[in-house]
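In what follows, a single structure is set out as structure tokens and then discussed.
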Amino acid sequence: MGIVSQDAIKQFKSLIDQVEEPLQNTFKNMHQGFPIETLVRFLKARDWNVAKAHQMLVDCLNWRLQNEIDNILTKPIIPTDLYRALRDSQLIGLSGYSNEGLPVFAIGVGLSTFDKASVHYYVQSHIQINEYRDQVILPSATRKHKRHIGTCLKVLDMTGLKFSALSQIKLLTIISTIDDMNYPEKTDTYYIVNAPYIFSACWKVVKPLLQERTRRKVQVLQGCGRDELLKMMDYASLPHFCRREGSGSSRHSNPGTDDCFSLDHTFHQQLYNYIKQQSLSFQTVPPIKQGSFHVDFPEPDPEGSKIAQTIESEFHKFGGQNGLSHSLSDLEINGGD
């Protein structure tokens, strides 16, 4: 790191050291013993502008405080059938670790329906996975490798992406805004796999709108991406939808496949049991009842809104051409540039 970067970190730390105690406490929960690395994440997210990074972090700390994010892992989503329905419609899981020890998260973008519960449950589930990653998964990886591991890899499966995905844009914008504003720079690289033609078309339009820092993180791989991903992780860590070319689906592609989206997968069982145990140890009066844990949704920044509107416009454009809305999920592209 250069002298300018070190000066920025020093200035930023001095400012954060001055915030009041409630914010200091939630900051400790955030950084998990690595405050400087956390400050660097926010500086990167604001192009090393100390004033902007400071405002961003203070806003994040207030959001955590006001929405009791520090306690969200004590709020189970019950009953189990509801949680299973969430897992079946919000496809995300931990498939393994890269050769460098980074957690590999798999996300079924194309086949997630988000139609089994209210928006609040999906947001709650997403934040809980974020917090479990930051409080349990990453610290465990850090201890194992004896060096700080603060980021993950994400493999996004676009199988099944079609025109009907427009109905999800609002929720996806909410989730991505929460991540952008409160969990910046937590993903090292996004790998896009099983991309149909409609994704390729939208990507060419959206890519120039992204910041260079974000563009560098996105890699569109050929087909299911198996060969490229095997350069970074072993076969056991590959998401199930990357294990065989032409599998055609991110769900139940092979009998006996280790489906990391399923509630029965080890990751989700450990997460579910962890939250259950935390809820028992956390004083809750009256007893926990069914009900989502409401979190305030931050307003998307103008840039994020513009990107969402562009995607929507492109989907409409291609949806009206030659019945593409019904057939695009059957087409695949080779890697994008």
Side-chain angles (χ1 to χ4, degrees), residues 87-96 98 102-115 152-169 171-172 175-176 187-207 210 214-215 217-262 265 267 311 314-315 318-319 321 323-337:
R87 294 281 60 84
D88 285 342
S89 56
Q90 182 185 33
L91 305 181
I92 183 171
L94 178 70
S95 65
S98 74
L102 275 62
V104 179
F105 281 90
I107 303 171
V109 177
L111 292 176
S112 289
T113 57
F114 299 101
D115 60 352
C152 64
L153 304 178
K154 289 184 178 177
V155 184
L156 280 58
D157 180 25
M158 296 293 168
T159 298
L161 186 68
K162 56 185 105 175
F163 189 62
S164 57
L166 271 180
S167 63
Q168 305 168 13
I169 282 185
L171 174 56
L172 293 176
I175 286 174
S176 65
T187 302
D188 190 70
T189 309
Y190 297 88
Y191 296 102
I192 310 293
V193 302
N194 297 321
Y197 177 70
I198 194 169
F199 174 81
S200 175
C202 289
W203 177 239
K204 287 178 182 177
V205 176
V206 170
K207 188 176 179 180
L210 300 175
T214 303
R215 281 201 301 271
K217 290 184 178 184
V218 180
Q219 294 189 30
V220 183
L221 304 183
Q222 182 175 355
C224 71
R226 180 190 58 198
D227 294 342
E228 284 299 313
L229 292 173
L230 282 175
K231 297 174 184 177
M232 290 158 275
M233 64 192 74
D234 59 28
Y235 184 83
S237 291
L238 281 180
H240 55 280
F241 49 80
C242 295
R243 293 185 179 184
R244 184 166 65 88
E245 283 289 358
S247 60
S249 172
S250 66
R251 294 299 307 238
H252 315 300
S253 56
N254 290 305
T257 291
D258 191 10
D259 183 348
C260 64
F261 295 150
S262 170
H265 188 271
F267 165 70
I311 293 172
E314 289 302 305
F315 264 72
F318 285 96
Q321 294 178 7
L324 285 178
S325 60
H326 302 291
S327 61
L328 283 173
S329 61
D330 298 327
L331 301 175
E332 286 191 345
I333 59 164
N334 293 327
D337 49 22

Inset, instruction - Identify, with sequence neighbours excluded, every residue that meets side chain to side chain donor-acceptor pair (under 3.5 Å) alongside Ser237. - result: Asp234
Legend entry - Validation row: Asp157, Pro239 side chains within 4.5 angstrom (heavy atoms): no
Inset, instruction - Flag the pair Val218 / Trp203 as yes when at least one side-chain heavy-atom distance between them is below 4.5 Å, and no otherwise. - result: yes
Inset, instruction - Check salt bridge (charged side-chain N to carboxylate O under 4.0 Å, His left out) between Lys217 and all other residues, then give those that pass, not counting sequence neighbours. - result: Glu185
Legend entry - Shortest non-hydrogen contact between Val193 and Cys242, atoms and distance: CG2-SG, 4.1 Å
Legend entry - Flag side-chain contact, heavy atom, 4.5 Å: Cys260 against His240: yes
Inset, instruction - List for me each residue that meets side-chain contact (heavy atoms from CB on, under 4.5 Å) alongside Ser176, sequence neighbours excluded, and say none if there are none. - result: none
Legend entry - Rounded distance (nearest 0.5 Å) linking atom CD of Glu228 with atom CE of Met233: 11.0 Å
Legend entry - Results of side-chain contact (heavy atoms from CB on, under 4.5 Å) for Ile92 - residues two or more places apart only: Arg87, Ile107, Ile129
Legend entry - Shortest non-hydrogen separation from Asp115 to Ser89 and the atoms involved: OD1-CB, 3.9 Å
Legend entry - Minimum-distance pair of heavy atoms, taken over all atoms of Asp258 and His265: OD1-CD2, 3.1 Å
Inset, instruction - Please work out whether the ring planes of Phe261 and Phe241 are parallel, tilted or perpendicular, with thresholds of 30° and 60°. - result: parallel
Inset, instruction - List in chain and number order the residues that pass side-chain contact (heavy atoms from CB on, under 4.5 Å) with Tyr235, two or more places apart in sequence or in another chain; answer none if no residue qualifies. - result: Leu230, Leu238, Arg243
Legend entry - Distance-minimising heavy-atom pair for Ser98 and Val104: N-CG2, 3.6 Å
Legend entry - Heavy-atom closest pair, residues Cys224 and Asn194: CA-OD1, 3.3 Å
Inset, instruction - Measure the spacing between CG of Leu156 and CG of Leu221 and express it to the nearest 0.5 Å. - result: 10.5 Å
Legend entry - Residues in ring-ring contact (aromatic ring centres under 6.0 Å, His included) contact with Phe114, at least two apart in sequence or another chain: Tyr122
Legend entry - Pairing residues for Gln219 by the side chain to side chain donor-acceptor pair (under 3.5 Å) criterion, not counting sequence neighbours: none
Inset, instruction - Walk me through it: do Val220 and Phe199 pass the test side chain to side chain contact (heavy atoms under 4.5 Å, CB included)? - result: CA-CA 10 Å; Val220 183; Phe199 174 81; 3.9 Å; yes
Legend entry - Gln90 side chain near Ile175 side chain, heavy-atom distance below 4.5 Å: yes
Inset, instruction - Indicate yes or no: at least one non-hydrogen side-chain atom of Leu102 is less than 4.5 angstrom from one of Cys152. - result: no
Inset, instruction - Could you walk me through whether Val155 and Ser95 pass the side chain to side chain contact (heavy atoms under 4.5 Å, CB included) test, one step at a time? - result: CA-CA 10 Å; Val155 184; Ser95 65; over 6 Å; no
Inset, instruction - Report the distance from atom CE of Met232 to atom OH of Tyr191, rounding to the nearest 0.5 Å. - result: 3.5 Å
